[in-house]
Each structure stands twice: as structure tokens, then as C-alpha cells.
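Accompanying notes for the structure given below.
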Amino acid sequence: MPTLLPHSLLEQRLRQAVLQVLPDARPDGVKVRPCPDPKHGDYQCAALIGLAKEARKNPRELAAAVSAAYAALRAGSGEEGVEAGLQIEIAGPGFLNFRLAPEALLSAVLDASASRFLEPAAAPRTVVVDFSSPNVAKPMHVGHIRSTALGDCLSRVLRALGHRVITDNHLGDWGTQFGKLIVGWKRHLHRDALERDPIAELERLYKLENAAGEADPARLDQARQELVALQAGDPENLAIWREMIRLSQAQFDALYGRLGVTFDHTLGESFYNPQLPGVVESLVSRGIARESEGAVAVFSDHTLPAKEDPFLVHRDGAWADDPALVRKSDGGFNYTTTDLATLEYRIRTWAPEEILYVVDDRQAPHFRKLFQIFRRWQPEAEARTVLRHIGFGKILGDDGKPFKTRSGDTVRLAELLDEAVERARKLVDEKRPELPPETRGEIARIVGTGAVKYQDLLPNRQSDYIFSWDKMLALTGNTSPYLQYQCTRARKVVADGGAVDIAALRGVTPTEPAEVALLKHLLLYGLTLESVAAECRPNYLCNYLYDLAGHYSRFYESCPVLKAPEPVRSLRLALCGFTARVLSHGLGLLGIESPELM
RNA sequence: GCACCGGUAGCUCAAUUGGAUAGAGCUUCUGACUUCGGAUCAGAAGGUUGCAGGUUCGAGUCCUGCCCGGUGCACCA
């Protein structure tokens, strides 16, 4: 049985106690959480107040009864463990405050250190995470950071908690843009340019043909014909298309390599192409989709109130249809159809309990429609699977408008990472000129790429944030360089201090407030990761790590480690080691490396 | 027009999802140290949480109505 963290242990017994006092109560809502203010205690439970109200009892009297039941259960269990010296107080309107003895806190930390300070999920789930999804023949740009960083981090956190995670990069490798690209390829391709910078050349071809199409309808028509030929399996066009995918994948691989991001599967839109006619037929035969203005579309089934119905829109004073197209009037399919086929495939193949779509907030209406259609189409499969759109906001420049280069172009991801590493290098050169150049280069790589990711993961994902080189690379404040620095500092002390006999620390009493505060914070790591996973919010982890670094700094400032007499020296050295481990593990879950030196 | 997402200190952002006195960083001012890594730490200043109601033991968080900003609304994804 895995080691339980104190909040779980207290919560388990508290639920038993609640059931003794109120046999009809639902214990799920009884949660034990850290006290926001340490003066009230270490952990608290606020749920009894609500339960008292439901049961029409006096909250403080109920709290007293539950507390007594808790004490009896504890006495009867025979084993003390973390509860040795535990004090429970009733406060305010009926809060239960738990105070652990300092030795018990230390003991809990020693136990937790054996399982990386986290608890494996009691009920592991299979979760598919769909993220990044760049387009073939286009450069990855600043707009891909958020989906990639968020999706990768959520996948790592879910895995760390013991869930089975399947990551899938749903590439944009099929669709109308290939008509123009093939025309461009056939008419204007520069082979040498393609070899030098394939993506730039493909982008040039697309822009050229796009402009030509706007000026000359005949060119547009030609693009359409090439697309039809491609979709019909024309060998020449297929070969060109495959070559574009190969070149693009090389670009993606290089960038994912720099970012340390991997996928279990890369099943692009084209993978589902053969299924699309069948999807539409199935929808039509079940009466979910019907012909409309030459296209095939899904309309409202009027089971929801108009305001909540994704297939209705208010226009000119009345509710009008806002259908989802599953086949265009020219016979082509669009992304709703592809996404339905993808959804069906994922459920059939992996039987996940949950699918996360880490996609820009602007596509929220699309996902509401998609999930609704799927519920009508395959109700049994839908009932077994939680479908969640994990949306996020935009990246803005310091003028408050979408982040662009000075000349107004989109910022390429590769160039952005280059600049981050360059800027980090300047800082390292300035701070640590004595290190060999290759070491400084390696530190700059880790600090630069980490800073870009951390800046992205720190704000609430739903809000827009302002991109700032100075802030992300600042050495103070809530930034990845600061966390990385604290990590290397803690590691250095551990290295200088030598090995510690962890088992010998049992029974030692931490006395300094800074030691106790750090111990308590270490015990919250697992709880934080659960919140991150439950709400898909990596910023909780960022803030936890920043607080941890703060607790560590205060501890380190007020408590000498290497000069302290035993057993205090070993205790403090162990705290440095635990802090370094949690910091580097947490950064790792954010997809950020921790350098050995800084 | 309708829907979704936001609005918190001068600026950039938090707040364990309904908990106790709303917290950090930047900026400004003041301190600590003959450094176990100073890329450090402590203190001060800064608030009617857009506005007005409501729900209750308790609201930044929930419900209603307004105001401001962003985004989306049939053959692109």
C-alpha cells in the first residue's frame, strides 16, 4: 500500500468519524485541506458546517461530536504514526483545525520522500491528450506554444499520478490548402530553396498561389482541380503531398526535440479521410444530419434551452439555425467530420475515460457542437467518456495586441527559441564568466527554453498574457530562472554536505519555524498535482514551486546547515535534498530541465 | 444582436473552486551580511476585487441586471 500523505490520512479517519455521528451523510464532500493561515493549524476541514445545516444541528456541537468520534477511532486503531501528538480544535462557526506534532510532520515527510511526495491515483484513468496539432507546409509559430506547453505538461502530470496517458498530435495534413500548394509546387518550385529551408519555400509557394487565386479565378479553379485529383488518389499529387509531409515532419521533430516534447501517436487528419463518407452516411441514416443548401448539416434537436443550444444563434431579434456542416456543397468534408471520425477511432481503439482537447478558446463553439453531435450519434460511447475542451487565451505583445514581429509577421517558434537562448546566454556570460563556454551554452539552452515555457504556464490558461523577454528571464520573482537557481543552490549544499542517514532522523524534533514551514509545504506537492490534473491548470504547480522556493530561501537564510551540530545538521541537509528533488521533479512536470550549475 | 472568456494594488499576475485578516513579483523607500552559492533575505508603502442588488454562518469566487475589453457566430481549421 502506498504511503498516504497527512491530509489523506486525516481525511479517511474524519470521514469514518462523520459517518458515526451522521450515518446518512455523504462523506465525499468532507475534505481535509491545508490551513491558509498557519496560526489556525496545519490542516482544516470546513465541511462540517454545511453538514450541520443539512442535518439541522448546531455546527459547533456537531464539530465537537465528530471530534470526539475521531478521538475514539484513533485510540482504537492502536497505531499512532502521523497522528502522534495530533491536536484537533474547533474554531469559528465550526471549522475543525488539525495541528500535527513537529516530529510527526518530519516523519510524514520522511515517508513521503520514499514515494516522490505524491500519491498514485486511487482509480487510474486512460486519458487521451490531443495537443499541438501544427499544420503541414507551414512554420510552427508563437501560436503553437500554448497548446504544446500545456498539453505536454498535463500529460506529464497525469502520468506522474499513475494515469495511462495517450498523447496524439492531430496534424493538419489534409484539406483545401493542398490544392494551392500543389499548383505552386508544379509552377514555381525552387529546388535549391527547398533544400535550404523547406518550410520557407512551401510557405512562399502558398502565399504566391493564394495571391494569384485572389486575382484570377481561373487559378483558384486550378487549385480546386488539383485538390480533387489528390483526393482521388492521383499518383503525382500524392507524391508531392507525401514529400511536403516528410519535410514538415522533419521541422516538427527538430522543434519538439528542442522542447523535449514527445507524442505516442501522430495521426493527422489524412489518417481519417477514408472514414469520412461513412460518418456522414451514418449521421444521415440516423436522422442526425440532413441536406441543406446543397451541403449536409446537423441542426438543433431542440433538447436544450435556446441560450445553451450550440446549434442556435440569436440574429435580427430571433433565434436562427447555426448548423454544423459535415459535408460541403462541393462534396468535400470539413473538420467537424474529421473530428467525429477521430473521436470514434480514439474511443474504439483506446477506450479512454477522458479525452482532452488542448485547443485555443476561440474554437469553443466548435467543440460544443462536436460533443453534442457525438452524444446524439453514439450515446453509449459518449456516456462512458468525458470530453473536455481545454481552452486558452492569446499571447499579446507589450502593446496589448497579438504578439508579432516589428514588421508585423507572425513570430516563428524556432526563432523565438533562438532568441530566448541567446538572451539567456548573455545573462550567463555576465554572471558566470569563469565557466567554460560549452557549459555556459548548455545552461543558456536550458534556461532560455525553460523561461519561454514557464511564462506560458504561469498565468491562468484562459486569460491572454503579455509576452515579455525581460520578465520571463528575470532572476527574481516568479520565473523559471529563479526556480532553477534555487534548485542548483540546494543541490550544491547537498553535494557539500555528504550522505545523510534518513532513517536516523526519525524522532528528531524540528524546532525552527522555517524548518516546520518547509516540511509542511513539501507535504502539499501531491495535493497540488491532483488539482493540476483535475482542473487542467499547470499554473497551480508553478505557484506551488515558487512558494516552495520561497520557503526554502527563508529556511536557508535563517538556519545554518553545514555548520549546525548533529542531528540538526542531518535534518537540514535532508530538507535541502528534499527541496531540490521536488523542485527539479516539479520543473520536469512542467517540461523544464534543471541545470546542474547556473 | 446573441453567446463564450476576461475585468483584482501604479504595472504584470495569484488566490487550494464557497472559507477565517484578498497574496506575490516589478517599481519606490528602509534595512540585514567579514556569503554553508548575494542570481539572497527581512520590513514599509500600495485595495470599495468594474458597478448595483441577491443567496448564507461566510462571496473575488454562486444567482440577476448593467458597464468596459477580447473572441466567435454556414461550406477555413
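Below, chains carry the letters A, B, ... as their sequence lines are ordered, and counting in each starts from 1.
Of the N and O atoms on the side chains of Arg489(A) and Gln484(A), not one donor lies less than 3.5 Å from an acceptor on the other residue. In the model, Asp339(A) has a side-chain atom that pairs as donor or acceptor with a side-chain atom of His366(A) under 3.5 Å. Inspection of the Tyr540(A) and Glu535(A) side chains reveals an N or O donor paired with an N or O acceptor under 3.5 Å. A donor-acceptor contact closer than 3.5 angstrom is absent between the side chains of Glu557(A) and Ser553(A).
Between the side chain of Arg537(A) and the base of U16(B), no donor-acceptor pair under 3.5 Å is found. Between the side chain of Glu293(A) and the base of A74(B) there is at least one donor-acceptor pair of N/O atoms closer than 3.5 Å. One can find a donor-acceptor pair under 3.5 Å joining the base of A77(B) and the side-chain atoms of Tyr335(A). Residue-to-nucleotide contacts include a donor-acceptor pair under 3.5 Å from the side chain of Asn97(A) to the base of A20(B).
With rounding to whole Å, Asp173(A) atom CG is found 12 Å from A77(B) atom P. The interatomic distance linking Leu473(A) (CG) with A39(B) (P) rounds to 17 Å, in whole Å. Following rounding to the nearest Å, Asn169(A) (CG) and A77(B) (P) show an atom-to-atom distance of 18 Å. Atom NE2 of His389(A) is separated from atom C1' of C4(B) by 11 Å (rounded to the nearest Å).
In the set G37(B), A20(B), A42(B), A42(B) carries the atom at the smallest distance from any side-chain atom of Arg554(A). Closest to the side chain of Lys394(A), from the set U71(B), A77(B), U12(B), is U71(B). Of the candidates U40(B), A74(B), C36(B), A74(B) carries the atom nearest the Ser292(A) side chain, counting heavy atoms from C-beta on. Relative to the side chain of Lys431(A), the nucleotides A39(B), C57(B), A74(B) differ in distance, and A39(B) lies closest.
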Test side-chain contact (heavy atoms from CB on, under 4.5 Å) on Asp361(A) and Gln462(A) and set out the steps.
-> CA-CA 7 Å; Asp361(A) 254 338; Gln462(A) 278 159 326; 3.9 Å; yes
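By the 4.5 Å heavy-atom criterion applied to side chains, Glu512(A) and Val516(A) are not counted as neighbours.
U30(B) and U55(B) are spaced 47 Å apart, taking the C1' atom of each and rounding to whole Å. When the C1' atom is used for both G6(B) and G60(B), the distance is 14 Å, rounded to whole Å. Using C1' as the reference atom, C13(B) and A20(B) are 24 Å apart when rounded to the nearest Å. Look at the C1' atom in both U16(B) and C5(B): the space between them is 22 Å, to the nearest Å. Taking atom C1' in both C68(B) and C51(B), one finds a spacing of 11 Å when rounded to whole Å. Across the P atoms, G69(B) and U27(B) are found 32 Å apart, a figure rounded to whole Å. Nucleotides C67(B) and A52(B), compared at atom C1', are 11 Å apart to the nearest Å. Separating the C1' atom of A14(B) from that of A22(B) is a span of 10 Å, rounded to the nearest Å.
Here Asn543(A) lies in heavy-atom contact (under 4.0 Å) with sugar-phosphate atoms only. No engagement by Pro310(A) is indicated, since no non-hydrogen atom pair under 4.0 Å with the nucleic acid exists. Contact annotation for Asp321(A): no contact, since no heavy-atom pair falls under 4.0 Å across all strands. Backbone-only contact: Asp496(A) has heavy atoms under 4.0 Å from sugar-phosphate atoms and none from a base. Backbone-only contact: Ser553(A) has heavy atoms under 4.0 Å from sugar-phosphate atoms and none from a base. Using a 4.0 Å heavy-atom criterion, one finds that Asp398(A) contacts no nucleic acid atom at all. At a threshold of 4.0 angstrom between heavy atoms, the contacts of Arg327(A) with the nucleic acid are absent. Cys487(A) comes within contact range of no nucleotide atom at all, as no heavy-atom separation falls under 4.0 Å. Among the protein residues, Pro481(A) comes within range of no part of the nucleic acid, since none of its heavy atoms lies under 4.0 Å from any strand. Within 4.0 Å of Ala564(A), counting heavy atoms only, lies no atom of the nucleic acid at all. Nucleic acid contact class of Pro560(A) (heavy atoms, under 4.0 Å, all strands): base.
Pairs of residues two or more places apart, or lying in two chains, never qualify as salt bridge (charged side-chain N to carboxylate O under 4.0 Å, His left out) while including a residue from residues 309-321 of chain A.
Nearer the 5' end of RNA chain B, as judged by each residue's closest nucleotide, is the contact made by Gln44(A), out of Asp330(A) and Gln44(A). Residues Asp322(A) and Glu269(A) both approach RNA chain B. Their nearest nucleotides, taken by heavy-atom distance, put Asp322(A) toward the 5′ side.
Between C13(B) and Ser463(A), no contact under 4.0 Å exists linking OP1 or OP2 to a side-chain N or O. An OP1 or OP2 oxygen of C41(B) is reached within less than 4.0 angstrom by a side-chain nitrogen or oxygen of Tyr482(A).
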With both pairing distances under 3.5 angstrom for Watson-Crick or G-U wobble, and | for a partner in another strand, the correct string for RNA chain B is (((((((..((((.....[...)))).(((((.......))))).....(((((..]....))))))))))))....
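Residue Tyr546(A) is tested with Tyr482(A), Tyr454(A), Tyr552(A) for a ring-ring contact (aromatic ring centres under 6.0 Å, His included); the sole match is Tyr482(A).
The aromatic ring of His40(A) stacks onto the base of A20(B), its centre lying under 5.5 Å from the centre of the six-membered base ring with the two planes under 30° apart. Stacking of Phe95(A) onto the six-membered ring of G19(B) is not present when judged by under 5.5 angstrom between centres and under 30° between planes.
Ring pair Phe367(A)/Phe371(A) is tilted by interplanar angle, where 30° to 60° counts as tilted. Using a 30° and 60° split on the angle between ring planes, Trp319(A) and His314(A) fall in the perpendicular class, above 60°.
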